[in-house]
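Notes follow once the structure below has been shown.
We count ligands from 1, going down the list as the structure has it; atoms in each ligand are counted the same way. Keep in mind that what you see is a predicted model, and the values were worked out from it rather than measured.
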Amino acid sequence: MQITSFKQYEEDYKKSVENPEQFWGEVAQNFQWRKPWFKVLSWNFNEPNIKWFEGAKLNITENCLDRHLATNGDKPAIVWEPNNPEEESVTYTYKMLHERVCRFANVLKRNGAKKGDRICIYMPMVPELAIAVLACARIGAVHSVIFGGFSAKSIADRINDSQCKVVITADGSYRGNKQIPLKDVIDDALIGCPTVEKCIVLTHIRTPVSMLKGRDVWWEDEVKHVNDICEAEEMDAEDMLFILYTSGSTGKPKGVVHTCGGYMVYAGYTFSNVFNYQPGEVYFCTADIGWITGHSYIVYGPLSQGATSVLFEGIPTYPTPSRFWDIVEKHKVNTLYTAPTAIRSLMSYGEDPLNGKDLSSIRVLGSVGEPINEEAWHWFDEKIGHGKAPIVDTWWQTETGGIMISPIATVTPTKPSFATLPLPGIQPILVDENGNEIEGNGVMGNLCIKFPWPGMLRTTYGDHERCKQTYFSTYENLYFTGDGCLRDEDGYYRITGRVDDVLNVSGHRIGTAEVENAINMHAGVVESAVVGYPHDVKGQGIYAFVIYPEMHGEAELSKKDILQTVTRVIGAIAKPDKILFVSGLPKTRSGKIMRRILRKIAEGDTTNLGDTSTLLDPGVVEEIIAAAKKL
Ligand code: WT7
């Protein structure tokens with residue numbers, strides 16, 4: 001399954017396009033199935049209706065755990081590095097992880113969870129988070145992990161959208177020197193969540209929590225009441241594995257649905273190849289399991305391949321900006337997979353944090369989540385990889401389940417700020433506004449995918465029409481990614497950023513409409529418009545133009561009040577970096593906000609605003625420009 005030469009990449013790619021069913025059927029043989037498929041693929045992008053490995057039966061945890069026990073049971077599966085470096089790190093071998101997962105799966109059953117039930121997980125980056133995820137998969141329950149930075153309201157919306165029956169959380173989490181009271185946030189959320197029957201609470205930071213009789217139980221107590229034998233539930237390849245909520249151009253995040261068989265094959269295949277993972281190596285992905293990167297490349301991908309995956313609770317700058325390098329040295333990390341925003345942030349501390357750190361174990365570097373600028377690429381290459389570790393710039397999305405366009409470490413070439421070539425099985429095409437294919441090299445367009453791959457989303461939870469509208473209706477017979485893309489003279493792909501109203505702030509995906517809705521909930525705010533602007537560390541910053549005629553108190557305090565509302569409604573990750581109070585917004589005669597103009601102003605480039613003659617009130621633009629200069 002592992003590609004070892006450029007020639008093989010070319011051959012595999014060709015085969016995957018000419019005979020996709022044979023190609024993926026062969027890849028899938030590397031996994032353990034209870035029953036084989038009768039058809040590798042049936043599909044149409046119109047409904048859409050996509051089925052991979054139809055008729056096959058499996059349980060993904062048998063692939064991630066059981067199948068490694070005989071030969072690799074004592075090999076480390078998860079190495080946990082706590083927030084506080086003074087605390088001991090903890091290693092779970094495959095045998096230990098299997099035991100913990102089975103035991104917690106029995107806890108879930110004991111609390112009424114069964115196949116098909118939705119379970120919300122809101123936890124810190126501790127091994128129990130991976131255990132909870134795998135325990136859900138073990139019993140066939142559908143996990144919906146919510147990133148620890150989301151607010152009670154965001155959690156409640158997500159829980160209600162998928163009618164979760166059980167919530168798994170912890171008393172709190174550590175982030176650097178901060179403590180976050182997770183159970184308190186859950187308590188606020190659950191006031192409005194009638195479907196939740198049980199809440200299982202892990203003790204982690206030992207902060208006092210309220211425990212509601214009949215609903216709330218302690219993780220540590222529950223595991224004492226069960227044994228560690230839990231046969232895996234037999235799942236159909238197309239049964240739901242998980243839901244993961246992600247933002248789009250509307251105000252409401254959607255629940256992206258991934259299924260068992262195809263997702264497993266795709267996460268495992270891409271992990272093994274892109275990182276060129278070798279048995280015995282230590283792999284460290286710095287993402288949070290609350291995002292798709294953590295699902296696919298901390299938990300399912302690495303574990304399906306019997307790898308050793310480092311799970312880090314903390315942040316790159318705590319207690320010092322040397323933390324990543326300390327972890328690399330301590331655990332002899334061979335592969336480091338991180339985000340451009342983290343690289344840029346660490347770059348800003350200069351080279352002192354690197355002094356005396358032994359990074360010689362590093363063999364492969366990876367980047368994910370947003371375009372990586374050349375400066376960050378070269379710093380990563382020279383200072384961290386010492387020019388010897390290939391950088392895989394991996395382009396993909398929550399919806400794609402796994403990496404789509406990326407170098408294959410040690411096999412295919414890299415190029416600064418380019419995701420380079422599609423992986424076998426991936427057929428990208430560039431289209432113009434009208435959906436016409438843009439052929440040849442040295443061209444730009446909107447990035448679409450024209451053929452299914454096993455890891456792709458199947459639907460958006462509870463609203464299939466929305467899935468169709470969002471991804472399959474912009475261009476007929478194509479999956480639309482929402483990204484703009486350049487294909488250079490060599491045929492290499494470079495993702496240039498979103499072409500829809502979606503922002504990428506520090507690798508976090510946030511819809512402008514979502515932020516606007518949150519700002520508009522603030523008392524006295526009449527209207528707002530949110531756009532992104534280039535930010536040195538975050539990639540994109542959030543710029544909000546707000547009409548707030550009867551401002552309460554002085555302007556600076558009012559801005560903080562609005563930030564507080566955004567934190568309540570979405571979470572701190574969606575707080576605007578800049579707020580500008582304006583008396584009006586540039587609108588067309590039909591009432592549409594002209595974001596193009598606001599984007600230019602936010603970028604500080606007002607030399608060429610384009611045609612403003614169609615504006616209802618062109619004067620408002622001058623006023624906004626003048627105010628923006630003073631901000
Ligand atoms: C969006 C998807 C994929 C896991 C993390 C983010 C942007 C992602 C790259 C990259 C340029 C990238 C795209 C994409 N993006 N990776 N290597 N180069 N842009 O997942 O939250 O679903 O966001 O992130 O704009 O559409 P996500």
Side-chain angles (χ1 to χ4, degrees), residues 145-147 149-150 242-249 253-258 263 266-267 270-271 274 285-301 337-344 365-374 376-377 380 391-407 414-423 426 428 446-449 455-457 460 470-471 474 479-487 492-512 514 532 538-540 573-574:
V145 184
I146 301 178
F147 174 64
F150 281 113
F242 67 83
I243 304 168
L244 189 56
Y245 285 85
T246 191
S247 297
S249 43
K254 39 191 177 302
V256 169
V257 170
H258 286 288
Y263 174 80
Y266 200 66
T270 52
F271 171 77
V274 170
C285 166
T286 70
D288 192 290
I289 294 177
W291 308 110
I292 190 69
T293 309
H295 282 62
S296 301
Y297 300 112
I298 295 178
V299 182
Y300 289 116
Y337 188 31
T338 192
T341 185
I343 298 169
R344 287 191 298 260
L365 295 171
S367 168
V368 61
E370 49 176 320
I372 180 165
N373 47 310
E374 292 209 21
W377 196 99
F380 204 31
I391 298 176
V392 292
D393 176 359
T394 62
W395 174 83
W396 58 297
Q397 311 176 295
T398 303
E399 294 86 345
T400 69
I403 298 166
M404 301 283 282
I405 304 181
S406 169
T414 65
K415 181 167 185 169
S417 81
F418 278 77
T420 70
L421 300 172
L423 297 182
I426 305 308
N446 289 343
L447 178 62
C448 293
I449 314 289
M456 71 186 298
L457 87 164
T460 47
T470 312
Y471 306 106
T474 318
Y479 166 81
F480 177 44
T481 65
D483 280 317
C485 184
L486 160 79
R487 186 169 51 221
Y492 288 5
Y493 291 84
R494 173 191 205 151
I495 311 310
T496 49
R498 303 286 306 196
V499 294
D500 51 8
D501 292 318
V502 172
L503 305 179
N504 192 324
V505 181
S506 300
H508 299 157
R509 186 161 153 188
I510 298 165
T512 54
E514 252 177 290
K538 298 179 174 188
Q540 267 187 316
I573 54 171

Fill in: For ligand 1, the residues whose heavy atoms come within less than 4.0 Å (ordered by chain, then number)
I292, T293, V368, G369, E370, P371, D393, T394, W395, W396, Q397, T398, D483, I495, R498, N504, R509
Worksheet item: With Y263, which residues qualify under ring pair (Phe, Tyr, Trp, His ring centres under 6.0 Å), at least two apart?
Response: F242, H258, Y300
Discussion item. With no hydrogens and no angle check, just 3.5 Å: does a side-chain donor-acceptor pair link T270 and Y297?
Written reply: yes
Worksheet item: Do T414 side-chain atoms and I391 backbone N/O form a donor-acceptor pair below 3.5 Å?
Response: no
Discussion item. Filter on salt bridge (charged side-chain N to carboxylate O under 4.0 Å, His left out), then keep only pairs touching residues 393-406, sequence neighbours left out; what's left?
Written reply: E399-R509
Worksheet item: In chain order, what residues pass the side-chain hydrogen bond (donor to acceptor under 3.5 Å, both in side chains) check against Q540, with sequence neighbours excluded?
Response: none
Fill in: 4.5 Å side-chain heavy-atom contact, L447 and I405
yes
